[in-house]
Undergrad: 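Before I ask anything, let me first share the structure, which is written out below as structure tokens.
Just follow the structure's listing: the first ligand is 1, and inside any ligand the first atom is 1. In this text, all values refer to a predicted model and were calculated from it rather than measured experimentally. For reference, positions follow the sequence shown, starting with 1. Quick note: numbers below take in every heavy atom, side chains included, and nothing from hydrogens, waters or symmetry partners.
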Amino acid sequence: MATPHYLMTDPAHFEVCYQINPWMDPAVWQADAGARARAAAASAELRQAIETAGGVVEMIPAEAGLPDLVFPANAATVLDGRALMARFAHPERRGEEAPFLAAFQALRDRGVLREVAELPPGVVHEGAGDALWDAARGWFWGGHGQRSTLAGLEAHADFFGQEVVALELATPHFYHLDTCMRPLDGGHILYYPPAFTDQALRTLRDRVAPDLLIEADKAAAEALCVNAVNLGETVIMAKAPPSLRAALEARGYRLVEVDLSPFIMSGGAAFCMSLRLDLTSQPHAALAAAE
Ligand code: ARG
């Protein structure tokens with residue numbers, strides 16, 4: 001397998017200074033004097049965990065006034081070396097679009113990516129957090145209803161030429177699909193049922209065999225553990241309740257926990273702090289053999 005390649009952002013300007021989801025409270029951030037230092041340490045620890053698991057991490061620079069630039073999974077969706085840049089729902093994050101575009105164009109110029117494209121005018125979609133590539137099944141799971149739009153999912157299907165299975169999100173707490181669902185390399189799907197509409201749950205359960213579904217409980221979901229990085233059998237996530245550790249270990253995964261509490265104050269964790277740049281639509285040899 002090629003070396004897994006990730007993008008992260010320097011957290012130097014990370015803070016919680018506006019509120020665009022229920023996790024964010026600028027007053028709580030302000031009152032926590034050590035949060036900035038803990039954020040720097042947490043980001044470094046996540047990077048180290050990804051590298052220890054065999055990945056390489058590219059860093060893009062921080063920018064003052066753009067605290068959520070630390071969540072590059074929201075910058076774009078990437079498959080087969082082709083990036084489709086996000087367009088944000090909230091004005092607070094639109095300022096990130098230009099620096100992310102410049103960073104992705106630089107990656108293309110270096111040959112890390114081969115194409116960087118933009119969504120059709122006016123179409124809102126917030127990137128890989130609402131377009132989860134399911135390597136075991138060969139389609140995208142597409143979140144909509146909170147941030148990303150159905151038009152954004154259609155634009156993904158057109159651009160990537162892949163099926164996008166729409167899943168409507170039911171609550172502002174779980175506003176991106178990556179906060180409540182994670183397809184894992186072994187074909188399992190970790191998910192938090194209360195985050196989905198009834199129709200979305202039917203779609204998910206129609207498409208995935210029951211023994212491959214792993215339900216996160218409320219404690220795991222509220223610790224943003226579903227928002228995980230997965231390299232083969234290694235799953236890297238925020239501090240997890242023992243029940244989730246046991247559920248993953250029973251399926252053969254190895255859990256690495258990182259204290260991501262400063263980023264959880266913004267509604268983000270391991271998955272959205274990193275963006276996988278080398279996903280391919282070609283079935284992974286190990287996965288294909290397991291089918
Ligand atoms: N504060 C950010 C926002 O609300 C957090 C984004 C986290 N990203 C994610 N995919 N869950 O947009």
Side-chain angles (χ1 to χ4, degrees), residues 6-9 11 13-30 32 35-36 39 42-43 46 60 62-63 65-78 84-97 99-100 124-133 140-149 152-153 156 167 169-183 190-192 195-196 216 220-230 236-238 258 260-276:
Y6 289 83
L7 187 67
M8 289 182 65
T9 306
H13 291 296
F14 173 67
E15 60 177 336
V16 179
C17 57
Y18 50 74
Q19 181 173 37
I20 55 170
N21 70 51
W23 306 78
M24 303 175 86
D25 183 342
V28 171
W29 173 267
Q30 285 288 338
D32 186 344
R36 210 176 272 272
S43 172
L46 175 63
I60 56 179
E63 274 203 33
L66 298 175
D68 283 340
L69 210 61
V70 295
F71 300 114
N74 308 143
T77 306
V78 182
L84 183 58
M85 301 307 297
R87 184 170 296 116
F88 288 97
H90 292 290
E92 288 86 344
R93 295 200 65 182
R94 287 202 193 119
E96 296 172 43
E97 290 168 13
F100 274 140
V124 168
H125 189 284
E126 295 198 348
D130 270 330
L132 301 177
W133 178 247
F140 282 109
W141 297 101
H144 69 100
Q146 299 295 323
R147 298 281 183 88
S148 298
T149 60
L153 302 187
H156 275 64
L167 297 175
L169 300 173
T171 70
H173 224 86
F174 298 99
Y175 55 90
H176 280 147
L177 188 57
D178 69 0
T179 62
C180 53
M181 176 175 180
R182 179 62 165 110
L190 176 62
Y191 78 122
Y192 180 54
F196 295 89
E222 289 184 349
L224 270 183
C225 292
V226 179
N227 193 269
V229 170
N230 174 215
I236 305 169
M237 61 172 58
V258 179
L260 297 175
S261 52
F263 297 98
I264 293 174
M265 291 165 84
S266 187
F271 181 89
C272 48
M273 292 172 65
S274 56
L275 175 67
R276 185 90 188 249

Undergrad: Heavy atoms only, cut-off 4.0 Å: how does His90 contact ligand 1, side chain, backbone, both, or neither?
TA: neither
Undergrad: State which residues pass side-chain contact (heavy atoms from CB on, under 4.5 Å) with Glu63; sequence neighbours excluded, sorted by chain then number.
TA: Leu66, Leu69, Pro99
Undergrad: Before you tell me yes or no, could you show the steps for Leu177 and Phe196 under side-chain contact (heavy atoms from CB on, under 4.5 Å), namely the whole-Å CA-CA distance, both residues' side-chain angles and the distance that decides it to 0.1 Å?
TA: CA-CA 9 Å; Leu177 188 57; Phe196 295 89; 3.5 Å; yes
Undergrad: Against heavy atoms of Arg147, which atoms of ligand 1 measure under 4.0 Å?
TA: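 Under 4.0 Å from Arg147, ligand 1 has these atoms: 3 (C), 4 (O), 12 (O).
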Undergrad: Does any N or O atom in Thr179 lie less than 3.5 angstrom from one in ligand 1, N or O only?
TA: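 It does not: no N or O of Thr179 is found under 3.5 Å from an N or O of ligand 1.
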Undergrad: Which is it for Leu260 and Leu224 under the side-chain contact (heavy atoms from CB on, under 4.5 Å) test, yes or no, and what are the steps along the way?
TA: CA-CA 9 Å; Leu260 297 175; Leu224 270 183; over 6 Å; no
Undergrad: Show me which atoms of ligand 1 lie under 4.0 Å from any heavy atom of Gly267.
TA: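 So the answer, numbered in order with elements, is 7 (C), 11 (N).
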Undergrad: What protein heavy atom sits nearest atom 2 (C) of ligand 1, and how far off is it?
TA: Asp68 OD2, 3.3 Å
Undergrad: Residue-level breakdown please: for Trp23 versus ligand 1, do any non-hydrogen atoms fall below 4.0 Å on the side chain, on the backbone, on both, or on neither?
TA: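 The answer is neither.
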Undergrad: Any side-chain heavy atom of Leu7 within less than 4.5 Å of one from Ile60?
TA: yes
Undergrad: Measure up the Phe140 and Trp133 rings against each other and bin them: parallel (under 30°), tilted (30 to 60°), perpendicular (over 60°).
TA: perpendicular
Undergrad: Would you mind listing which atoms of ligand 1 come within a distance below 4.0 Å of any non-hydrogen atom of Met24?
TA: 1 (N)
Undergrad: What do you reckon, does Ala73 put a non-hydrogen atom under 4.0 Å from ligand 1?
TA: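 Ala73 does not count as a contact of ligand 1 under the 4.0 Å cut-off.
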Undergrad: Could you see which bit of Arg93 sits under 4.0 Å from ligand 1, with heavy atoms only: side chain, backbone, both or neither?
TA: side chain
Undergrad: Going by the rule side-chain hydrogen bond (donor to acceptor under 3.5 Å, both in side chains), which residues pair with Asp32 if we only count those two or more places apart in sequence or in a different chain?
TA: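 So Asp32 forms a side-chain hydrogen bond (donor to acceptor under 3.5 Å, both in side chains) with Arg38.
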Undergrad: I'd like to check which ligand 1 atoms, numbered from 1 as shown, lie under 4.0 Å from a non-hydrogen atom of Ile20.
TA: 3 (C), 4 (O), 12 (O)
Undergrad: Assess whether side-chain contact (heavy atoms from CB on, under 4.5 Å) is satisfied between Ser43 and Val70, documenting all intermediate values.
TA: CA-CA 9 Å; Ser43 172; Val70 295; over 6 Å; no
Undergrad: Pick whichever of Asp130, Asn74, Asn21, Val70 has a heavy atom sitting closest to atom 4 (O) of ligand 1.
TA: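 Considering heavy atoms of Asp130, Asn74, Asn21, Val70, the nearest to atom 4 (O) of ligand 1 sits in Asn21.
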Undergrad: Does Glu126 reach ligand 1, in the sense of a heavy atom lying below 4.0 Å from it?
TA: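 No.
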Undergrad: To the nearest 0.5 Å, tell me how far Thr171 OG1 sits from Tyr192 OH.
TA: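 Interatomic distance, Thr171 OG1 to Tyr192 OH, rounded to 0.5 Å: 8.0 Å.
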Undergrad: Would you mind running through ligand 1 and noting each atom that sits below 4.0 Å from a heavy atom of Asp178?
TA: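 Result: 9 (C), 10 (N), 11 (N).
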Undergrad: Scan side-chain atoms only and decide if Asn74 and Arg93 contain a donor-acceptor pair under the 3.5 Å cut-off.
TA: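 A pair is found: one side chain offers a donor N or O, the other an acceptor, under 3.5 Å apart.
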Undergrad: Suppose I only count heavy atoms of Cys272 and a 4.0 Å limit; which atoms of ligand 1 are within that range?
TA: 7 (C), 8 (N), 9 (C), 10 (N), 11 (N)
Undergrad: Do the ring planes of Phe71 and Phe263 sit parallel (below 30°), tilted (30 to 60°) or perpendicular (above 60°)?
TA: perpendicular
Undergrad: Short list, please: which atoms of ligand 1 are under 4.0 Å from a heavy atom of Gly268?
TA: 7 (C)
